Amino acid sequence: MSASYILKRVALTFYTLFVVSVLVFGITQILPADAAVMMLGENATPEALEALRQQMGLNDPVWLQYLHWAGGVIRWDFGISMRTGQPVGPALFSALGTSLTLAVLALALMLVLAVPMGIIAAVRRGKLADLAVGFLSYVGVSLPEFVTATLAVLLIADFWGWLPPAGYIPLTQDFVGGIERLILPVTVVSVMMIAHVSRMVRSELVDVMHTDYVRAARLKGLHPRRVLFRHGLRNALLPTITIVALDVGYLLGGVIVVEEIFSIPGIGRSLMSAIQARDLPVIQAGVMIMAATYSIVNFAADLMYAWLDKRIQYD
Amino acid sequence: MTTSLTPVLQVSDYSLAYRAPRGKIPVINNIDLTIARGEILGLVGESGSGKSSMASAIMRHLPGNAEENAGSIRLGTTDLRAQNERAMSDIRGRRMSMVFQDPATSLNPTLRLGEQLAEVLIRHQGMTTAQAWREGEARLAQVGLKTPAEMMRRLPHEVSGGEKQRVVIATAFACNPELIIFDEPTTALDVITARQILDLFAELQAQTGVASLYISHDLALLSQTANRVAVLQKGTVVEQEETVRLFRAPNHSYTKALIAAAPDPDKRLVQPLEESGTPLVSVQDLSVKFGRKSWVDSLLRRDFQPVVGNQAITLDLQPGEVLGIVGESGSGKSTLAKAMTGLNRFDGLIEFDGKPVRGLSDMDRGYRRDVQIIFQHPDASLNPRQRISEILGRPVRLYGGSGNPRERIKSMLERVRLPAHYIDRFPHELSGGEKQRIAIARAFLSNPRLVICDEITSALDVSVQASVIDLLMELHRDTGAAYVFITHDINLVRQIAHRIAVMYRGDLVEISDAERITDPDRADYTRALLAAVTPPAFTHSL
Amino acid sequence: MTDFLGRLLRTPQGFLGCLIVGLIFVAVLGGHWLTPFGPEDMQALARYKAPSAEHWLGTDQYGRDILSRLLDGARSTVVMAVAATVIGTLGGAILGTGSAYLGGRADEFIMRTVDAVMAIPSLLLALLVVSLLGSNSANALLAIAIAFMPSMARISRSVALTVRKQEYVSAAIARGEGSGYIVLREMLPNVIAPIVVEMTIRVSFAVMLFATLSFLGLGAQPPATDWGLMVSEARQYLHRSYWILLWPSAAIALTAIGFNLLGDGLRDALNPRT
């Protein structure tokens, strides 16, 4: 992994954020919402509205408004929420913490389940275990989060009453209560990824186990466990890193739905209510934060891949 | 000791078939093989003859749909067929081991070479990791690697193909096995490297006295390495004989055909060239470079180093001449062919029939018609979703000509000795040799004056190769087209070329008359290349 | 063609996929004639009914026949999803193959930008587009199509580049074929197959995305029979009858599974060499 590869990759991350910022700013500009009216109400006098517009720079050319906004974003200043009148940044960052708790737990659960499922399916190819994993993953990728969530609440919370149906308590406040409320959302968010990643691990591992070098390892008389783990799995899991990183985009989408259903005060829920209320600064900031999360995860995954797979000569 | 009397490997009356949806496919029929200690048995056959399946059967590593008869496979006094998987994993790597065809794929790309060697010693000799790495270094020194300690720490992609194969061989010899199976160990290597690996094999074999089963498609090579040779045709051993006797007096017609099909440089297949004053093609200072300066290079103020494909190549070609181009992989042979057909950008000048061509835009329809290219893999060069009628119909439509197009295609099919009803087939319904004939027909339908053949026989079996070459030379006589014949098979090119150009790392080393390529005053590289070539079987044994 | 169908039906995925997708299309085309009730017919006396001989799948909170509503909803949900996928695929394919064709710095610029857009989760991108255009089915369709474009562009580009490197394309270039022939006759037939496979699998994503938008109140609006909307409305009446919730959920899952299976079956069947 060369310095120029890292340099290129950093530049790409910044370019991504630039494109997203232009896109988000563009979309929110077209949105039929007058910030001044929203803040002062329908009954405000035209003079007052005009004064506020002037003050907020709404009469400036679009590109100047963009520069103002982007300049603020770079200094972690995302503007003032039109709905609450509070600065957007602090509120969103605490919401981001909540969402990340949810996402990281879901990612961990996915890895703990999907990788072994994929391995078992590949090793027992064509056997019952393989068919079972295959069936589960077909069902898993075919259930949208809102269906899984609704069914889970129906069965586990309402019918059996094992877990609370919704709500959120920070883990620092009440660990047990917090975890109890996170079990359902975390499981729901991870279902689709478990299905997808276990399938990927299976097909990668099946391919690797058919390579010449795995055959050579077997014909050297190595223990089957060593052949599988040292020669097979290592190479099969490499591409999975990239796949998981790309799935983070999907995970973030799932987080929006799940936070809405389970009333979790995360960034997804803030975004949903901002979209419904046309609260432009919150929408802009929320989308930027999501895209940044995705970009950083993929940046890290690419570096990790390059570090683990020394074959690849980046220039 | 009684063990010295029992052969190391004894296969008797062994048959193997694979179950398929449409019934059983027989692969090996009632084979008997014996190898004594210190002996090298060569197993020769074309693709699909079952030679690799035989290796898998001996190693007891068969796919799930394999079906065997009651025949036996014994290693010394051990009945291999009676061993369970666990017992077999104790035998593999310790009592018998294997060297594979392509070291690039048979070594794990993400593990250090040292680990891949040491793990065998740890598994079978009960060594600790430290002991195994020390022993590994000694083994690498034994296979002629200069810096064994450094080699142990390297990853496969950091060393050359020949070095990789040395590591694989060291691994196979690591536990001093009774039997080693060599499955085409030099086929994927360049000529000079292959020769070095063969020398190493001979040396280690003599030192250790291991029994060897040497599998190859190359009779000439086996005539030099093996004590005895078994000829395998469609799963049946048609002849098994001492090497010298087999080549002196082959009994079976298939053996004779195989020997006859191997190219012999003394048997010229091309008429002498009639001298004409003006060359058909004249290539002047042709260079090809790949890559492009990136913004990171500019930012870091680095000099941009393009990859050089060809470096100022200059050569001439007479009308009707066959020019052979030889060189190892990466020497720029194909790059030159692609430049001449407008598939690569180039600097320099190509003069065709007196007209200058400096780039793609100068290659007009006339040039395209006159210059045709045939590729190595017919699988890749024929569009899988087009019927033969469309594949061959294009040159007819593009370049015109008289007569009904369909009739012209049919008569061309007959000229390349294919049945006319193939016209409505898809490429995947044809065999490899037949597909290559279609590619040849496509090139000749435009009545070209220059045909560039890029390794067109390398993917084919010996006997198929011979018939394709026959066809090519017949077309040469009939049409008078000039050929640029790119190959790594030096015996073959000496048979069919008027002149031979030798290339090395993008440079043209020299051009020589085919008859004078063996002269002592040739360039060093040319002499090294020729010295590494295995002479055809019969000249050697006589 | 019959040969191709035979290959498709021989794989278990292809067979099941054809069966499920076939049934769905029967529901889409003939849904009207298949049921005795209209999707809006309310029966005040038959609310929250469990499945019975009269109402096969039971009735909802207004006493409407769930089966009739599902069959009616198949039209909007599935047709919309297929349309969105087709538009998204076409847009993406044009962008991706165009980029591959241009090559060089233009290609790099286009693809880096496409990568950048992919940093916005597709659900979020769809949400933004719908909130921009207004919440209704037609806008949801457009939103999904737009959300699919970047990833389809990426896939079509890589397929086009793979095909572009094949020797039969080199042979055509060396022969002096025009770019029209090369693109349409040499490349397109080999590019289409993998894109069709990807598109089929994408339909299941579109069904789910469409339902999710409706569920969040940003797609179809009541009293539409959109499946996602049905699930959303049913949540309030969970404790009265869970059938209202179960059936549309099952319909979404079954449709998604069907298109997933069909895509995998097509992948095997479209390979010309097997």
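Remember, it's a predicted structure, so these values are computed and weren't measured experimentally. Reminder, nothing fancy here: chain letters follow the sequence lines and each chain counts from 1. Computed from heavy atoms alone, side chains included, the values below leave out hydrogens, waters and symmetry copies.
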field: Stepwise side chain to side chain contact (heavy atoms under 4.5 Å, CB included) check, A/R218 with B/M59
entry: CA-CA 10 Å; A/R218 284 205 189 100; B/M59 297 300 285; over 6 Å; no
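Other residues, nucleotides and ligands contribute only 12 or fewer heavy atoms inside 6.0 Å of the CZ atom of A/R124. Within 6.0 Å of CZ on B/R81 lie more than 12 heavy atoms contributed by other residues, nucleotides or ligands. Applying the 6.0 Å contact sphere to CZ of B/F290 captures more than 12 heavy atoms from other residues, nucleotides or ligands. Atom CZ of A/R125 has 12 or fewer heavy atoms from other residues, nucleotides or ligands within 6.0 Å. Residue A/F93 qualifies as enclosed at atom CZ: its count of foreign heavy atoms under 6.0 Å is above 12.
The shortest non-hydrogen separation linking B/F100 to A/L219 is CE2-CD1, 3.9 Å. When every heavy atom of B/S89 is checked against every heavy atom of A/L222, the shortest pair comes out as CB-O, 4.5 Å. When every heavy atom of B/S106 is checked against every heavy atom of A/A216, the shortest pair comes out as O-CB, 3.5 Å. The nearest pair of heavy atoms linking A/H231 to B/N108 is ND1-ND2, 3.2 Å.
Salt bridge present: B/E115 and A/R226 bring a charged side-chain N and a carboxylate O closer than 4.0 Å.
With a 4.5 Å cut-off on non-hydrogen atoms, B/Q116 touches chain A through its backbone and its side chain both. Contacts of B/L111 with chain A are made by side-chain atoms alone, with heavy-atom separations under 4.5 Å and no backbone atom involved.
At a heavy-atom cut-off of under 4.5 Å, chain A is reached by B/E119, B/V120, B/R123, B/H124 from residues 118-127 of chain B, listed in order of number.
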